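What you see is a predicted model, and the numbers here were worked out from it, not measured in a lab. Chain identifiers are assigned alphabetically (A, B, ...) following the order of the sequence lines, protein sequences preceding nucleic acid strands; residue numbering begins at 1 within each chain.
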2 protein chains.
Amino acid sequence: MNLGERQKRILRAVIDRYIESAEPVGSKAIAHSNDLNLSSATIRNEMSELETLGLLEQPHTSAGRVPTPQGYRVYVNELMQQYRLTLAEVEEINRALSSRLRQLDNLLENIGSLTARLTSYPALSVSAPTPDLSIVRFDLIHVDAGLFIIVVMLSNKTVKNKLVNLPHPVDSVLLAKVAAVFNAHVANLPESDITPSLIASIERALGDTQGIVAIVASYAIEILSDAKHREAHISGTTHLFEHPEYRDIEKAQRLMRYLSDDTELKHLPSPDFEDAGSMKIIIGPENLVEELKDTSVIVARYDAGDDMQGLIGIIGPTRMDYSRMAARLSFIAQSLSRLLRQETPHPMLGRGQNFRIRRPGQTPDR
Amino acid sequence: MNLGERQKRILRAVIDRYIESAEPVGSKAIAHSNDLNLSSATIRNEMSELETLGLLEQPHTSAGRVPTPQGYRVYVNELMQQYRLTLAEVEEINRALSSRLRQLDNLLENIGSLTARLTSYPALSVSAPTPDLSIVRFDLIHVDAGLFIIVVMLSNKTVKNKLVNLPHPVDSVLLAKVAAVFNAHVANLPESDITPSLIASIERALGDTQGIVAIVASYAIEILSDAKHREAHISGTTHLFEHPEYRDIEKAQRLMRYLSDDTELKHLPSPDFEDAGSMKIIIGPENLVEELKDTSVIVARYDAGDDMQGLIGIIGPTRMDYSRMAARLSFIAQSLSRLLRQETPHPMLGRGQNFRIRRPGQTPDR
DNA sequence: GGTTAGCACTCGGGGCTTTTGAGTGCTAAT
DNA sequence: ATTAGCACTCAAAAGCCCCGAGTGCTAACC
């Protein structure tokens with residue numbers, strides 16, 4: 001695709017304008033705008049050239065031009081201005097990230113809804129499968145009678161827990177013993193090594209554990225095998241309606257229906273990115289999935305250590321603010337990587353009464 | 001409001017029909033339907049009577065009648081048939097509840113999205129403030145270096161945790177000591193008793209704890225003071241679009257915008273219910289909030305012990321299937337109460353490899 | 001009395017036609 | 001190579017008309 005300098009300028013002007021107006025742009029609109037100072041007639045000639053190249057098209061004879069997917073492709077690859085985030089944007093993102101990432105419980109949902117909020121597009125959040133995940137630590141906390149809690153810490157430093165209720169009372173000494181054995185013999189094993197025979201041998205060694213060993217083992221396996229699959233989550237779907245292309249309720253609903261099916265989302269592109277912050281932009285028909293043929297997807301990868309990576313992405317009409325959104329997404333992904341890797345910096349001392357952390361030898365301020 | 005028997009029948013017929021068709025219903029449509037066998041003319045007379053009573057109205061002269069909010073009120077209070085859930089409905093609800101309530105992590109969201117799914121209306125889930133909540137147990141789990149996890153068990157049997165990262169290594173013995181002191185002196189206290197002076201005295205007793213005491217204390221306070229406020233959550237907003245009254249995108253968006261603001265939702269009715277499963281139906285303009293003036297809200301309370309209660313509710317157009325939805329909501333609330341109180345019955349032994357629980361003396365099957 | 005058949009009247013919505021105007025391509029002049 | 005001018009196109013908005021569901025009223029009927 002060899003475009004003259006002027007053609008590039010015109011193409012960019014058309015797309016920029018179309019992105020913000022959502023309406024076919026005509027020759028006049030371009031003519032006086034921007035730096036290029038040409039008459040509308042000249043623009044028309046160039047536009048019709050761009051049309052035969054397949055970069056623009058007319059919805060109907062007497063309308064302005066609209067970019068084709070290939071047009072967007074060229075725009076994204078070569079023409080798009082690198083959008084620089086404003087200070088306000090950077091601050092907003094940082095603030096949102098650091099305040100919302102405190103609890104690592106359901107990271108996936110949190111990250112998703114955060115991204116949606118920060119981009120005003122429906123956002124998806126996909127966890128990379130982490131087949132090497134292991135449980136680094138087991139704790140069994142006795143509540144009362146037959147009630148106890150399994151707390152496991154995973155190698156990606158998240159914590160999962162589950163309340164178990166047995167029909168008969170259990171003994172906290174027994175629980176401690178079971179936990180100790182699991183810490184000694186099951187912790188740090190990959191799922192495939194947690195075999196029935198291993199469990200059986202533990203049961204044999206411990207004597208009658210009233211089924212506790214089996215329960216803990218199956219919970220461990222459940223968690224680890226969950227981690228083998230990608231998990232996907234979508235949020236902010238209502239942002240769709242902010243875009244005129246989804247004025248048509250039917251169309252919007254069709255897409256929503258597709259999006260709200262988590263299992264479908266898992267099959268989304270798993271681009272082979274090199275490093276965190278790298279991005280992929282998929283325009284309209286480049287999507288393999290039928291339902292997404294007229295939407296664009298921007299995905300970025302975040303990477304917070306071996307057992308913790310994933311994708312965040314946004315979905316919108318092909319007429320998308322690629323430049324700005326790519327910048328935001330990439331920034332979010334990078335910040336995310338950084339934040340997750342370094343963990344929560346300092347505990348939030350916020351609301352309500354709270355206490356200052358004062359280290360010895362430090363002078364109290366004011 | 002003294003209605004004749006026949007008027008009641010007619011009013012009910014009109015509303016029933018309007019609820020399912022969403023279109024003004026005329027005299028003919030009613031005439032031959034149902035049990036009442038009258039000519040359309042007679043119906044017309046009665047209808048115009050009902051109109052002067054303010055129970056019906058005409059969108060325009062040559063259209064059928066539509067119920068007014070007062071009309072719905074009468075319907076809900078006196079006319080509505082008690083809808084009996086079908087077996088299929090009951091089973092579906094039970095299945096959904098028991099499979100989704102395994103992890104008590106983010107109960108609020110789970111309950112909300114469950115309700116939305118089961119009713120096909122946008123659903124809200126509000127936690128009752130639990131000012132008496134206390135922490136019944138602290139555990140500090142050392143990860144490595146300066147990294148440790150605070151796990152607290154609350155009196156409502158949920159578990160919260162947080163990862164803390166200190167810039168200097170900590171000692172697991174120290175952590176255990178701190179946990180022990182917290183369990184002895186802070187556990188089971190209401191928030192108001194966790195005073196700075198108490199914390200100070202703990203710090204004094206323990207000597208230098210490298211700030212750990214302060215961190216744990218502020219986390220405890222954070223959690224307990226969170227519990228003082230109602231939390232609200234909404235899900236299934238997209239169900240709005242299934243109803244013709246929200247064909248108008250503007251209108252739908254206005255409502256959505258209101259709904260997606262969690263903080264607003266907290267100010268929703270906190271009806272003074274007596275017991276779990278009781279319901280409240282708020283019709284159109286009875287809502288105090290401007291944005292909800294033409295929607296109806298059904299709320300039901302669930303109640304799973306002292307420190308665990310809340311409201312679930314659904315929101316929809318005034319033309320709502322009150323009868324069926326009230327039945328479902330009430331059933332959901334009751335089941336929820338029951339399930340949460342009795343806790344998870346048996347751990348799920350599901351996916352992947354798993355182990356049978358075999359108690360001694362039991363013969364292995366097959 | 002209550003009920004019903006009949007009739008004139010109303011008026012929103014669907015379908016059809018007209019008008020408007022933004023935008024084009026082409027040609028001829030610069 | 002650029003531009004002014006002009007004839008042409010066509011979607012969308014505006015206008016128009018008609019249809020028919022539904023009404024209220026009146027007069028007849030039981």
Side-chain angles (χ1 to χ4, degrees), chain A residues 3-11 13-18 20-68 71 244-245 247-248, chain B residues 2-11 13-18 20-68 71 244-245 247-249:
Chain A
L3 294 178
E5 183 54 33
R6 194 171 68 184
Q7 289 178 317
K8 285 186 183 175
R9 285 238 199 108
I10 292 177
L11 179 58
V14 170
I15 297 187
D16 278 339
R17 203 172 191 101
Y18 183 65
E20 67 171 314
S21 75
E23 285 187 356
V25 346
S27 51
K28 261 191 225 152
I30 297 300
H32 309 140
S33 84
N34 295 0
D35 32 359
L36 54 177
N37 250 345
L38 296 170
S39 80
S40 62
T42 313
I43 306 279
R44 277 204 289 286
N45 288 332
E46 295 285 28
M47 276 173 135
S48 97
E49 178 66 10
L50 288 170
E51 183 161 3
T52 63
L53 287 173
L55 303 181
L56 293 180
E57 70 187 342
Q58 289 180 282
H60 55 265
T61 343
S62 66
R65 301 302 210 293
V66 154
T68 63
E245 20 274 281
R247 270 300 161 79
D248 176 11
Chain B
N2 265 0
L3 293 178
E5 183 54 33
R6 193 171 68 182
Q7 290 179 315
K8 286 187 183 175
R9 285 239 199 106
I10 291 177
L11 180 56
V14 170
I15 298 187
D16 277 340
R17 205 175 187 97
Y18 183 64
E20 66 171 314
S21 76
E23 286 188 355
V25 344
S27 52
K28 260 191 226 154
I30 296 300
H32 309 141
S33 84
N34 293 359
D35 30 358
L36 55 176
N37 249 346
L38 296 171
S39 79
S40 61
T42 313
I43 307 278
R44 276 204 290 284
N45 288 332
E46 295 285 28
M47 275 173 137
S48 97
E49 178 66 11
L50 289 169
E51 183 162 3
T52 63
L53 289 173
L55 303 181
L56 292 181
E57 69 185 343
Q58 289 181 280
H60 54 266
T61 344
S62 65
R65 302 302 211 289
V66 155
T68 63
E245 20 274 282
R247 269 301 161 78
D248 176 12
I249 280 226

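When the side chain to side chain donor-acceptor pair (under 3.5 Å) test is applied to Ser39(A), the partners found at least two apart in sequence or on another chain are Thr42(A). Residues that satisfy the salt bridge (charged side-chain N to carboxylate O under 4.0 Å, His left out) test with Glu51(B), not counting sequence neighbours, are Arg65(B). Partners of Asp248(A) according to the side chain to side chain contact (heavy atoms under 4.5 Å, CB included) rule, which considers only residues two or more places apart in sequence or in another chain, are Glu250(A), Lys251(A). Residues meeting the side chain to side chain contact (heavy atoms under 4.5 Å, CB included) test with Val66(A), sequence neighbours left out: Tyr18(A), Pro24(A), Pro59(A). Evaluation of the side chain to side chain contact (heavy atoms under 4.5 Å, CB included) rule for Glu57(B) yields Thr68(B) as partners, not counting sequence neighbours. Partners of Glu245(A) under the side chain to side chain donor-acceptor pair (under 3.5 Å) rule, at least two apart in sequence or in another chain, are Arg319(A).
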What's touching nucleotides 28-30 of chain D from the protein side, N or O pairs under 3.5 Å?
none

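Rounded to whole angstrom, the span from the NE2 atom of His60(B) across to the C1' atom of dG13(C) amounts to 9 Å. Between Leu38(A) atom CG and dT3(D) atom C1' there is a gap of 10 Å when expressed in whole angstrom units. A straight line from CD of Gln7(A) to C1' of dA1(D) spans 14 Å, rounded to a whole angstrom. Between the CD1 atom of Ile43(B) and the C1' atom of dA5(C) there is a distance of 15 Å, given to the nearest Å. For the pair Glu49(A) CD and dA1(D) C1', the interatomic distance rounds to 15 Å; values are reported in whole Å. As a whole-Å value, the separation of Leu56(B) CG from dG22(D) C1' is 14 Å.
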Walk along nucleotides 22-30 of chain C from 5' to 3' and tag each nucleotide B, S or - by protein heavy-atom contact under 4.0 Å, base first, then sugar-phosphate. BSBBB----

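Stem regions annotated for DNA chain C: C:1-30 with D:1-30, counting only runs of 3 or more consecutive pairs of Watson-Crick or G-U type with both contacts under 3.5 Å.
Contact between Val25(A) and Met47(A) at its shortest, heavy atoms only, is O-CE, 3.7 Å.
Among residues at least two apart or in separate chains, side chain to side chain donor-acceptor pair (under 3.5 Å) pairs with a member in residues 20-31 of chain A are Ser27(A)-Arg44(A).
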Check step by step if side chain to side chain contact (heavy atoms under 4.5 Å, CB included) holds for Leu50(B) and Leu3(B). CA-CA 9 Å; Leu50(B) 289 169; Leu3(B) 293 178; 4.1 Å; yes

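Of the possible polar contacts, none joining the Glu46(B) side chain to the Ile43(B) backbone as a donor-acceptor pair under 3.5 Å is found.
Taken to the nearest 0.5 Å, the CG atom of Asn45(B) stands 11.0 Å off from the CD atom of Gln7(B).
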